[in-house]
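Computed over heavy atoms, backbone and side chain alike; hydrogens, waters and symmetry mates excluded.
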Amino acid sequence: MITLTLLHPVQATPVQSWTFDSEAVIRIGRAVDNHVVLYSAVVSRHHVELRRNGLQWEVINLGTNGTYLDGKRVQQAPLLDGGILRLARSGPNIQVRLSADYQPMPPNARMATIPETARTDVEKGTYSGEEEAVGTDDAEPLGTAATGMSYQGIITEEDDDEEENFAVQGELPAQLLAEWRAPPDCSHSRAEADDIFCIECGVPLKVWKTLGNYQIIKALGQSNTYLGWRNGQTAVVKGHSLAASKREIRAFQRQVRQLCQMSHPVLPKFWEGFQYGTDSYLVSEMVYGHSLKQWINDHGVMNVVEASRWLIPICDLLTLLHQQDPPILHLHIRPSNLIHPYVSREATNVVLVGWGKASVLTSESGTFIGTVGYSAPEQQEGKPEPASDLYGLGATIVYLLTGNEPDTYFRWGAREYRLYAEDIPHLDPLMVDLINCLTHPDPRERYPNAAAVKQRLEQIATIAMPAPPVSSAL
């Protein structure tokens, strides 16, 4: 067995791991047909091969920018346990472990601390397996004022009470499959005031409580949502509302089962669901990066082509989710829930988070869940449907193109109060039509599905793309 662990570029802490049991050749590069896909400007499409030769492994460079093994540039060399591969002189670092009982290094304190104060450029950003960067101005009200509930689920006559001993496994990392180990006592003293993990050994400095196999470090600013730690890994541990009824807990458990079966590059990885006492929980990975709201604040508004490219992968994800039985709804699509991760992911540069509040379609009326300006009228009436997610997509486009909240462009028209994209100065007419269709008050007047939205975004991006310069003949 060989385990490859991508290391954080500054702090050399593990970010993502891949384990291979039977492959004789492992390819790493930028192209999607590699076993390990790394999106970086300095990484070649097919950059390096790891090839097994009997009981030994060797590394073979294929990239134009070179491959470095433990700091030395190599073309072909034997690979030893613990070696560090670097793709290009300034590219990503990958640690290689050949031991079957490999355990990754513990997370560094500053990588695993929620950014609440100013840090270096690398450390700033969204620390998220949830909806927003905790400690920023993006925090959203917790569910509804009436109930505090932030999810809905299919509830039918056949539904029983919530499951006893509820447990479901999703994309659980290999290192978490081992027997759970409580962190050892730490005697180091180099921690800063806001560190929550030891920078020497990576164990939690303070443990608030324990939920199942997870040490709970702190609350994440939302009801029953926590930063958890297990076997050297941090995670988001999200529970149902503390005020949930038995039928609502059943709906939450049903939702967790669906999410743990889902896998998509734009999704965070859902590790597992479990029950502790009378509460049920969903565990998901942390996603480190900048939200698109932060991106706009830092870099300014996007043009039509840029906005289209960011949102096309979201359309692919929504197509998959809305085809489930029952359909899975997000209902919180907005810029602060779209994360540009520090570490590139397969075939995408954006991750949709906020899944602690994800919803599955319900046949019953409910209470309003969402944010005014990004929430469709039927959603505000407690009757969401797949078209409600398309509404949030249209409102998000407005923010990416203008830097203004979508309700800036709401007004009374001939018959209703709604968003009018034609009020946005200098906006491409094709994009005006797209936004107006997506945010139409009547869901039947919106695009029929996310696939149709993707097709339209691709058309708009192609038309708006500047033509390449024409070289004059000598």
Report the distance from atom [atom1] of [X] to atom [atom2] of [Y], rounding to the nearest 0.5 Å.
X: Asn213; Y: Tyr276; atom1: CG; atom2: OH; answer: 10.5 Å
X: Asn34; Y: Ile28; atom1: CG; atom2: CD1; answer: 8.0 Å
X: Met262; Y: Leu321; atom1: CE; atom2: CG; answer: 5.0 Å
X: Cys260; Y: Leu172; atom1: SG; atom2: CG; answer: 9.5 Å
X: Leu87; Y: Ser44; atom1: CG; atom2: OG; answer: 8.5 Å
X: Gln56; Y: Leu98; atom1: CD; atom2: CG; answer: 10.0 Å

Near [X] [atom1], under 6.0 Å, is it more than 12 heavy atoms from other residues, nucleotides or ligands?
X: Gln324; atom1: CD; answer: yes
X: Lys206; atom1: NZ; answer: no
X: Arg52; atom1: CZ; answer: yes

Counting distance only, does the side-chain N/O of [X] pair as donor-acceptor with the main-chain N or O of [Y] below 3.5 Å?
X: Asn297; Y: Lys293; result: yes
X: Glu49; Y: Arg27; result: no
X: His264; Y: Leu318; result: no
X: Asp21; Y: Met1; result: no

*Could you pull out all residues at least two apart from Tyr68 that satisfy side-chain contact (heavy atoms from CB on, under 4.5 Å)?*
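So Tyr68 forms a side-chain contact (heavy atoms from CB on, under 4.5 Å) with Arg73, Arg86, Arg89.
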*Can you name the residues that form a side-chain contact (heavy atoms from CB on, under 4.5 Å) with Glu23, not counting sequence neighbours?*
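With sequence neighbours excluded, Glu23 shows a side-chain contact (heavy atoms from CB on, under 4.5 Å) to Phe20, Ile26, His35, given in chain and number order.
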Can you see which heavy atom on [X] is nearest to which on [Y], and at what distance?
X: Ser388; Y: Gln379; answer: CB-OE1, 3.8 Å
X: Ala395; Y: Tyr374; answer: CB-CD2, 3.6 Å
X: Pro265; Y: Val351; answer: O-CG2, 4.4 Å
X: Trp271; Y: Glu171; answer: CD1-O, 3.2 Å
X: Val453; Y: Cys315; answer: CG1-SG, 3.9 Å
X: Asp389; Y: Ile328; answer: OD2-O, 4.4 Å

_Parallel, tilted or perpendicular, judged at 30° and 60°: which one describes the rings of Trp295 and His299?_
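The arrangement is tilted - the two ring planes meet at 30° to 60°.
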*Parallel, tilted or perpendicular: which fits the ring planes of Phe274 and Tyr281, with parallel below 30° and perpendicular above 60°?*
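The arrangement is parallel - the two ring planes meet at less than 30°.
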Check: [X]/[Y] side-chain N/O donor and acceptor closer than 3.5 Å:
X: Gln253; Y: Ser280; answer: yes
X: Thr5; Y: Ser17; answer: yes
X: Asp33; Y: His46; answer: yes
X: Lys238; Y: Thr225; answer: yes

*Val48 and Ile60: CA distance, side-chain angles, deciding distance, side-chain contact (heavy atoms from CB on, under 4.5 Å) verdict*: CA-CA 6 Å; Val48 68; Ile60 302 172; 5.8 Å; no
Do the non-hydrogen side-chain atoms of [X] and [Y] ever get within less than 4.5 Å of each other?
X: Gln95; Y: Leu4; value: no
X: Pro326; Y: Gln258; value: yes
X: Ser291; Y: Val353; value: no
X: Ile216; Y: Val207; value: no
X: Asn337; Y: Leu352; value: yes
X: Leu227; Y: Val236; value: no
X: Trp310; Y: Asn349; value: yes
X: Leu338; Y: Leu311; value: yes

*asked:* Could you go through His240 and Asn224, starting from their C-alpha distance and side-chain angles, then the distance that decides it, and tell me whether this counts as side-chain hydrogen bond (donor to acceptor under 3.5 Å, both in side chains)?
replied: CA-CA 7 Å; His240 55 71; Asn224 217 15; 4.9 Å; no
*Please assess Phe270 against Val283 for the test side-chain contact (heavy atoms from CB on, under 4.5 Å), listing each intermediate value before the final yes or no.*
CA-CA 6 Å; Phe270 299 106; Val283 183; over 6 Å; no
*Run the side-chain contact (heavy atoms from CB on, under 4.5 Å) check on Leu38 and Leu6 step by step: do they pass?*
CA-CA 9 Å; Leu38 298 175; Leu6 181 66; 4.2 Å; yes
*Using the side-chain hydrogen bond (donor to acceptor under 3.5 Å, both in side chains) rule, take Glu272 and Tyr214 through it: C-alpha gap first, then chi angles, then the decisive distance, then the call.*
CA-CA 12 Å; Glu272 64 177 327; Tyr214 294 88; 2.4 Å; yes
*Are the charged groups of Glu58 and Arg51 less than 4.0 angstrom apart, N to O?*
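Salt bridge: no.
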*asked:* Any carboxylate oxygen within less than 4.0 angstrom of a Lys/Arg side-chain nitrogen, looking at Arg334 and Glu405?
replied: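 No, this pair does not count.
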*Output, in order, the C-alpha distance, side-chain angles, deciding distance and verdict of side-chain contact (heavy atoms from CB on, under 4.5 Å) for Arg97 and Ile2.*
CA-CA 6 Å; Arg97 299 308 302 259; Ile2 182 172; over 6 Å; no
